[in-house]
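Down below is the structure, laid out as structure tokens.
None of these values were measured; they are calculated from a predicted model.
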Amino acid sequence: MRNSFCIFFLLWVTLDVFSGEKCLFTIDSDFIVTDTISKSLSDTSRIFSLSDVVVKGSNIITKSDRLILIPTSNMQKASSSAWDLLSKIKLPGVIVDRQNKNATTIDGSNILFKINNIDATIADFLTIIPSDVKKIELFDKLGARYNDSNISAIINIVTKRHTSGGQFGLYEDAALTTMSLYNSAYVKFNKANSLFSLSYNSKYRDYSNSYTDTYLENEDVEISRKGIESPYGYFLQNIDAAYNYYKNNFTFNIKFNYSTNRNTNQNCSQEIFDKKSLIGNSFRSPKDKSHSPAIDLFSEYKISSKQSLLFNMVGKILQTNYDYSYTENVNENNSHFEYGVEGKRKSLITEIMHTYSLKNLSWDSGLRYKYSDTHNLYSYDIINDFDSKDQNLYAYTQFSGNVKNIFYMGGIGINWVSFKEGGNSFYKVLYRPLGRIKYMPLDNFSMSYQFSMQPTIPSLSTLSGITKSLNRYEFETGNSALHPYDNIKHKLSLSWNPNRWYISLNYNIESAKNLFAPGIYCQNGKLGYQHINFDSKTVSKIDFYTSFDIIKDMLFIDGYISYNYYKFRIEDETFSLTDYTYGGKIVFYLKNFSANISFNHNPKELFGMKSFYGESTGSVDCSYKYKRMTFSLGIWNPFKKYVQSSGFEYARNDLYKTEHFRIKDNANMITLGVAYDINWGKSYKARNKRLNNSDNIDGIVK
């Protein structure tokens, strides 16, 4: 019944949108990209026409702090949106997850998305038609501004700016074999220097065949819980209303966001075995609801050709309601545990940044202040209050420049961090130095070294001193005695881009002392889980990426492999892990047709005594674009009985626990997608027709 509804809805959308008027909007302008600051505009080895996007050189251009990727006309014709374009263009070191609408680096780190240097989301990428994309910038070596975040890369899409007209679009992606829906709709209006936009997107999952397998062991017990197929689902919604103003040297953007999240159908039923004997069963029912309004203000003013000033302020209120219920029947003895927590968090982030640039030198400095007030009220079996206030003042500055083919950057950030919860509090001054040197003897070859120190601050959940009984065998508790620690990172990179090839090699090493990480211990016959203090850690990663154009601007293949080694020490105990990750894709596009085959095997990651399992995915899909409508058909995770979505493992001497969460519905999932957009009355600013993308070597995206 649900699948029939999905098909009917998609057919209705298809028939309805064909009744609207459609127009194709193209721009005939030149886009000139220079390789270095001193390169002249007469260098014809790098000339691109935006109307046909004729690439006379490689469409991957290496700069001192980024890669510039130029989409070709064939890529744009075969894509339905800027997000779809990301899966058809080479993104060295980036994994594009088409199913879950996300992208990460090869090592699993987070990526920040931007549109014209303003923070954005994947849903925003879906509102950009491919012909409006001038270029895609990939920053994989960030500066001091982001040295206090968990962001390791930035994808910035630079678009054309319109002075009139509007745009309307729909995007529907549904599974035919289970209930999995992704919906997006938007409308935009351009008026002179202003852009008004309104968008809605949602993700709905309602699976019937998910299960969790658990095994735990200590000196006294050996318990395994075999999962029974149970329902699993959630419903996420986002509404955005934005206004953007751009004129000459001034940019202003305001965005209102309201999001809701309902995870009310994530039950877990299990059969309990003591060794191999069935002794009972259990039922776990977590329910999580949240909603959050937010406002984001952004402005940038170019004071002169040498100076610019940026201001950003984000305010957010997050309200959550979580209920956890666990019932266990062992040897005809029932036990029940339940707790609830109502949470409210108010936060405000304000930032100001100044940039001063000369011919071969740039100086950037900024100040960012974060304040949050969190209140959690526990009920049922836990009666407690958790009230905390934390403040974070971050000041940063950096210099960057070049001497011929040698590019350098050096900077430092300073955090003043305070945290207070009840009688527990700490105040810390944290230093975040970083530096980078890059040598580019050739336009298509570079080598670089980067150093950074990034302190880690404990989260609210790890600091809370509340003890929660999970069942009769397990409990978890916080640790209010945790304090920040320093991560020392080194990265050595090589890249080579000859003709149809792109090759990169990265070596990362990270170390820390007196850190905190997850631990496991035994208390009164029960397994306990808590973040505890470790003496040291060492993490080494080597990743190799390559891509090759089998047929120029039509068919390419890429692949990656990464070796990962983790080592943690606590007193006389050592915990280590060696694992690999690999993946790749084949992309074909011709006129309005495209096809994509991809696979990704995610590695295990060790953090203290806890190993995390990632989700390994694969897909085969194709699409066809007819005028303003795109149809797509695909199969996700073919030839699998189930998909392991997540899992973890604790191991310490004779203490052991492992848990795997699997979803059968995600295996062999057949999907059907429809995308449609219509434009009217658009015109383009003539003064922006030609752009010299000279490199300021600032290392910071604004």
Taking the side chain as C-beta and beyond, is there a heavy-atom pair between [X] and [Y] under 4.5 Å?
{"X": "Ser184", "Y": "Ser199", "result": "no"}
{"X": "Leu138", "Y": "Val94", "result": "yes"}
{"X": "Trp416", "Y": "Leu430", "result": "no"}
{"X": "Leu470", "Y": "Tyr529", "result": "yes"}
{"X": "Asn508", "Y": "Lys489", "result": "no"}
{"X": "Ile406", "Y": "Ile437", "result": "yes"}
{"X": "Asn321", "Y": "Asp288", "result": "no"}

Subject >> Residue pair Ser504, Ser495: steps toward the side-chain hydrogen bond (donor to acceptor under 3.5 Å, both in side chains) verdict >> reply: CA-CA 4 Å; Ser504 68; Ser495 68; over 6 Å; no
Give a yes or no answer on whether the side chain of [X] reaches the backbone of [Y] with a donor-acceptor pair at less than 3.5 Å.
{"X": "Gln398", "Y": "Asp364", "result": "no"}
{"X": "Arg436", "Y": "Lys141", "result": "yes"}
{"X": "Lys438", "Y": "Lys63", "result": "yes"}
{"X": "Asn253", "Y": "Phe298", "result": "no"}
{"X": "Asp579", "Y": "Lys604", "result": "yes"}
{"X": "Asp148", "Y": "Gly413", "result": "no"}
{"X": "Glu476", "Y": "Lys468", "result": "no"}
{"X": "Arg652", "Y": "Ile520", "result": "yes"}
{"X": "Arg368", "Y": "Arg145", "result": "yes"}
{"X": "Asn479", "Y": "His531", "result": "yes"}

Original post:
Between Tyr339 and Tyr324, does a ring pair (Phe, Tyr, Trp, His ring centres under 6.0 Å) hold up when you go through it step by step?
Top reply: CA-CA 5 Å; Tyr339 74 90; Tyr324 177 85; 5.6 Å; yes
Over 12 foreign heavy atoms within 6.0 Å of [atom1], [X]:
{"X": "Lys289", "atom1": "NZ", "result": "no"}
{"X": "Tyr371", "atom1": "OH", "result": "yes"}
{"X": "Arg262", "atom1": "CZ", "result": "no"}
{"X": "Lys316", "atom1": "NZ", "result": "no"}

Near-ring test [Y]/[X], centroid separation under 6.0 angstrom:
{"X": "Tyr200", "Y": "Tyr186", "value": "no"}
{"X": "Phe612", "Y": "Phe648", "value": "no"}
{"X": "Tyr396", "Y": "Tyr394", "value": "yes"}

Please check if any side-chain donor atom of [X] sits under 3.5 Å from a side-chain acceptor atom of [Y], or the reverse.
{"X": "Tyr613", "Y": "Glu649", "answer": "yes"}
{"X": "Asn156", "Y": "Asn117", "answer": "yes"}
{"X": "Asp124", "Y": "Thr121", "answer": "yes"}
{"X": "Asn392", "Y": "Asn415", "answer": "yes"}
{"X": "Thr538", "Y": "Ser511", "answer": "no"}
{"X": "Asn147", "Y": "Gln454", "answer": "yes"}
{"X": "Ser562", "Y": "Thr581", "answer": "no"}
{"X": "Asp296", "Y": "Asn312", "answer": "yes"}
{"X": "Asn116", "Y": "Thr159", "answer": "yes"}
{"X": "Asn102", "Y": "Asp97", "answer": "no"}
{"X": "Gln237", "Y": "Tyr258", "answer": "no"}
{"X": "Ser536", "Y": "Arg569", "answer": "no"}
{"X": "Ser347", "Y": "Ser372", "answer": "no"}

**OP:** Verify salt bridge (charged side-chain N to carboxylate O under 4.0 Å, His left out) between Lys541 and Glu510, making sure each step is shown before the conclusion.
**Re:** CA-CA 9 Å; Lys541 296 183 179 183; Glu510 179 181 340; over 6 Å; no
Can a salt bridge be assigned to the pair [X] and [Y] using a cut-off of 4.0 Å between side-chain N and carboxylate O?
{"X": "Lys114", "Y": "Asp119", "result": "yes"}
{"X": "Asp387", "Y": "Lys344", "result": "no"}
{"X": "Lys302", "Y": "Glu300", "result": "no"}

**OP:** Starting from the C-alpha separation in whole Å, work towards a yes-or-no answer on ring pair (Phe, Tyr, Trp, His ring centres under 6.0 Å) for Phe419 and Phe426.
**Re:** CA-CA 5 Å; Phe419 171 82; Phe426 66 77; 5.6 Å; yes
Return the orientation label for the [X] and [Y] ring planes: parallel under 30°, perpendicular over 60°, tilted otherwise.
{"X": "Tyr485", "Y": "Phe516", "answer": "perpendicular"}
{"X": "Tyr245", "Y": "Phe250", "answer": "tilted"}
{"X": "His354", "Y": "Trp363", "answer": "perpendicular"}

**OP:** Would you please test Tyr449 and Phe451 for ring pair (Phe, Tyr, Trp, His ring centres under 6.0 Å) and show each step?
**Re:** CA-CA 7 Å; Tyr449 165 76; Phe451 160 83; 7.4 Å; no
Subject >> side-chain contact (heavy atoms from CB on, under 4.5 Å) assessment of Ile111 paired with Thr105 >> reply: CA-CA 7 Å; Ile111 294 177; Thr105 61; 4.0 Å; yes
**OP:** Starting from the C-alpha separation in whole Å, work towards a yes-or-no answer on side-chain hydrogen bond (donor to acceptor under 3.5 Å, both in side chains) for Gln391 and Tyr369.
**Re:** CA-CA 8 Å; Gln391 301 182 70; Tyr369 174 71; 2.6 Å; yes
**OP:** Would you please test Ser292 and Ser259 for side-chain hydrogen bond (donor to acceptor under 3.5 Å, both in side chains) and show each step?
**Re:** CA-CA 5 Å; Ser292 61; Ser259 63; 2.9 Å; yes
Subject >> Member of Leu86, Asp140, Leu69, Leu112 meeting the side chain to side chain contact (heavy atoms under 4.5 Å, CB included) criterion with Ile155 >> reply: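 So, applying the side chain to side chain contact (heavy atoms under 4.5 Å, CB included) to Ile155 and each of Leu86, Asp140, Leu69, Leu112, only Leu86 qualifies.
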**OP:** Identify the heavy atoms of Gly315 and Leu348 that sit nearest to each other, and give their distance.
**Re:**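 Minimum heavy-atom separation between Gly315 and Leu348: CA-CD1, 4.1 Å.
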Original post:
Is Arg161 close enough and on-axis enough to Tyr246, meaning under 6.0 Å and within 45°, for cation-pi?
Top reply: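 Judged by the rule, Arg161 and Tyr246 form a cation-pi pair.
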Subject >> Spatial distance of atom OG (Ser202) from atom CG (Leu236) [nearest 0.5 Å] >> reply: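 Nearest 0.5 Å value for the OG-CG distance: 8.5 Å.
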Original post:
How far does OH of Tyr565 sit from CD1 of Ile509, to the nearest 0.5 angstrom?
Top reply: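 Nearest 0.5 Å value for the OH-CD1 distance: 10.5 Å.
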